[in-house]
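These numbers come from a predicted model, not from an experiment.
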Amino acid sequence: MLDKNQIAKRIAKEVKNGQFINLGIGIPTLVANYIPENLEVVLQSENGLLGIGPFPTEENVDPDLINAGKQTITMVQGSSLFSSADSFAMIRGGHIHLTILGAMEVSENGDIANWKIPGKMVKGMGGAMDLVASAENIIVAMQHCSKDGQSKLLKECSLPITGMRCVKKIVTDLAVLDVLPEGGFRLLERAPGVSVDEIKAKTEGKLVIDGEIPEMVFD
Amino acid sequence: MLDKNQIAKRIAKEVKNGQFINLGIGIPTLVANYIPENLEVVLQSENGLLGIGPFPTEENVDPDLINAGKQTITMVQGSSLFSSADSFAMIRGGHIHLTILGAMEVSENGDIANWKIPGKMVKGMGGAMDLVASAENIIVAMQHCSKDGQSKLLKECSLPITGMRCVKKIVTDLAVLDVLPEGGFRLLERAPGVSVDEIKAKTEGKLVIDGEIPEMVFD
Amino acid sequence: MINKTVKDATEAVKDVFSNSVLMFGGFGLCGIPENCLRALLLKDLTGLTCISNNAGVDDFGIGLMLQKHMVKKMISSYVGENAEFERQLLSGELEVELIPQGTLAERVRAGGAGIPAFFTPAGVGTEVADGKEIREFDGKLYLLERWLKADFSFVKAWKGDTAGNLIFKGTARNFNPMMATAGRITIAEVEELVPAGELDPNQIHTPGIYVHRIFQGEKYEKRIEQRTVSK
Amino acid sequence: MINKTVKDATEAVKDVFSNSVLMFGGFGLCGIPENCLRALLLKDLTGLTCISNNAGVDDFGIGLMLQKHMVKKMISSYVGENAEFERQLLSGELEVELIPQGTLAERVRAGGAGIPAFFTPAGVGTEVADGKEIREFDGKLYLLERWLKADFSFVKAWKGDTAGNLIFKGTARNFNPMMATAGRITIAEVEELVPAGELDPNQIHTPGIYVHRIFQGEKYEKRIEQRTVSK
């Protein structure tokens, strides 16, 4: 089983040179720590920045420079700043190559639910609905099962969805899976020490297993 | 009868303090020369400038600074530059208080025709359709009759129109007229030496004459 | 150039009335019009509709207006950081309309730009689409969304001039530029107010035409929600 | 930061193909991508659709592409200053689609911003409305207009950096920023190309994400259409 940092590390292997990437709050933010140094990528913050840098040192904290998670940040060389309307024009227009975000549920046709639990205080969708409706490639980072052991990879989402047929890949603590265009989760890799049978048992949606499933390799 | 500069001078009396104004090509451009110095107004150029200044001196000509008529210009203090999308957002959003433009025909319900003569080479509408569809106040500067003596203030436009029910006021070489909300040209002022009868004879559309019509007064 | 300067926040907000629709720039607590918010708190206002990406925190920003029961309705994309907000919402005192962040930004832009409606993919297939027209363009589904406008827009910029031209700094820009365009009356507060002509026309983010009143804010606390540093 | 630099105009336009859709920034002859236009003239291209507010003059700008019969269709708001244009149009060699200037600007912005359609008042009641959906919002009539996109967008900026960030100057900005967002491949030429990091992030007009290739133009003639001076 992978911990949060390992999930982030595995997702980082999906990043390609030259990409513009939006990282959601939580595990996705950790992905930035594992992107290989030889890749040139640009991280977008949907409140209005291209080129997120590392967190500032104590003396460089600037309250006028935060990311979408409201954390203080810095900018890398070559950054640009813009309004939220321009930022979402960028997102909606398909200019961001890769969006990585967390989820509460994903369905076998790629629907994602990550904004609302009926009966609980609803905080809002923020930019998630715009991001999932627009990005050409969406990778979800999440736990395979909820805390009470229920699968989060479902035939259909039980929670109100954030977007339809949009998730392309999922990295969980147990596995890496593609969402097939015709529906179904195709198992690609197992986490170290996790068996195919365990993944089968913990995946409620249709699971497609083609041949031998390798264990993930970390460098 | 007024010449072009006198038409411009008469229109300048309609300008109010604090207005943002778009001046079309031709006579409207001349209006800028007659705006009283004690009024603070801002002239917009729809290619992307608020704050048009006078024409430059020979040594200050900047090919990167032109108005919508493609003339070299200068900027006044406090100007701002923006894209054409932002410029027409400003126009469409109703932020320009007054638009002054030329016309080939105006109808008694306020339709304006000023972009196309069937059978002749069509150069295009430029920004005219956006301007007339958006401005809260539109004043037309034109000759009362065409060169062959036909009235240009008509029941209905004979030429393809640029915008519907939009003209509020017309200043011609003969008269100042309002377009009434219920239809019809209400005669407000006569040019010096021009009789009401002449204006009647040269106005094809419905002309409303209420009481004595004063001659225009120029300071 | 027309001088838009007013003396201070109190004068700037003098005619804000109960039951009006207000827009506030800012993302979280970053780039919010602190001085106008403080001045509004001193007024006897109720029934306000506030359009703002977030709702502040309990003791800062719009959160303080909630404490004083001035707000009838919030229109936001995310309202998570505010316990009083939650209490009022659950008790039915407060109405909330949640809008995807990009749709919110674009609806406000549309309000300023004279575009009454536009199609966006955000929310298709979700409850956000309920009751909205859905149409297919080039093989993809989109929702029809309407413009948003306000009686008063409150924005905060870094620098401004007496003609109302504004320059923002960092990610404090966020919703401020669009909201400046969508207010019937737009009130801008700035950290530094300079005479018209001192700002480079090429670097203006918000042209003065959108700003009806401008003043230099007395004090900027600039509270940080998540102070995150690297060692 | 990703380096978008290419050697020169010739390399920048190397894969432009016949029958493709091209966008050109500029208003009149102000802010046009002169170096790309020169490089395109040396290529054996036909059947192009050119989206540009104007069509140049006979011996400069897009006018030169018309002389070489490279253009099948112009999409513009005003095409008045070009005799060869008129000849080709009347002879049926050239097709032209005239669009109100603000609608053109907004359709291009929509193309870059992922908005497939929007409502605008421009053209209601005119022949521009023929065949288009008309709808009333809040008592006023609007037309539905579609986005515009291009295979290649050519834009000209004042300064740029190797990451593709652009800053425009004066009214040479005009259509360039939107067109930069609406090209599948966007090629920017600049008067001065600097290393990434030298431009203030706060002053960037076009973020580098929209620019796929950038180079410093060899020569800028910057021809003036109406040299008007005061004595």
Which heavy atom of A:E40 sits nearest to which heavy atom of D:I2, and what is that distance? O-CG1, 3.4 Å
Which bit of A:M75 is near chain D, if near means a heavy-atom gap under 4.5 Å: side chain, backbone, both or neither? side chain
Under a 4.5 Å heavy-atom cut-off, does chain D meet the side chain of A:Q19, its backbone, both or neither? backbone
D:K149 versus chain A, heavy atoms under 4.5 Å apart: side chain, backbone, both or neither? neither
Report which part of D:N202 has an atom under 4.5 Å of a heavy atom belonging to chain A: side chain, backbone, both, or neither. both
Can a donor-acceptor pair be found, under 3.5 Å and without considering hydrogens, that links the side chain of A:H95 to the backbone of D:A113? no
If you tally heavy-atom pairs under 4.5 Å against chain A, which of D:A182, D:G197, D:P207, D:P201 wins? D:P201
So for atom CZ, which belongs to A:R186, do other residues, nucleotides or ligands contribute more than 12 heavy atoms lying within a distance under 6.0 Å? no
Given the options D:G208, D:A196, D:A163, which has more heavy-atom pairs under 4.5 Å with chain A than any of the others? D:A196
Looking at chain A, which one of D:I204, D:D200, D:T162, D:N3 has the largest number of heavy-atom pairs inside 4.5 Å, strictly under? D:I204
Straight-line distance of D:L199 CG to A:S79 OG, nearest 0.5 Å: 11.5 Å
Contact part of D:I209 toward chain A, heavy-atom cut-off under 4.5 Å: side chain, backbone, both or neither? both
Top contributor to chain D interface from A:S80, A:A85, A:G51 [non-hydrogen pairs under 4.5 Å]: A:S80
Interatomic spacing from CZ in D:R109 to CG in A:D86 - rounded to 0.5 Å: 7.0 Å
Counting heavy atoms not belonging to A:K4, are there more than 12 under 6.0 Å from its NZ? no
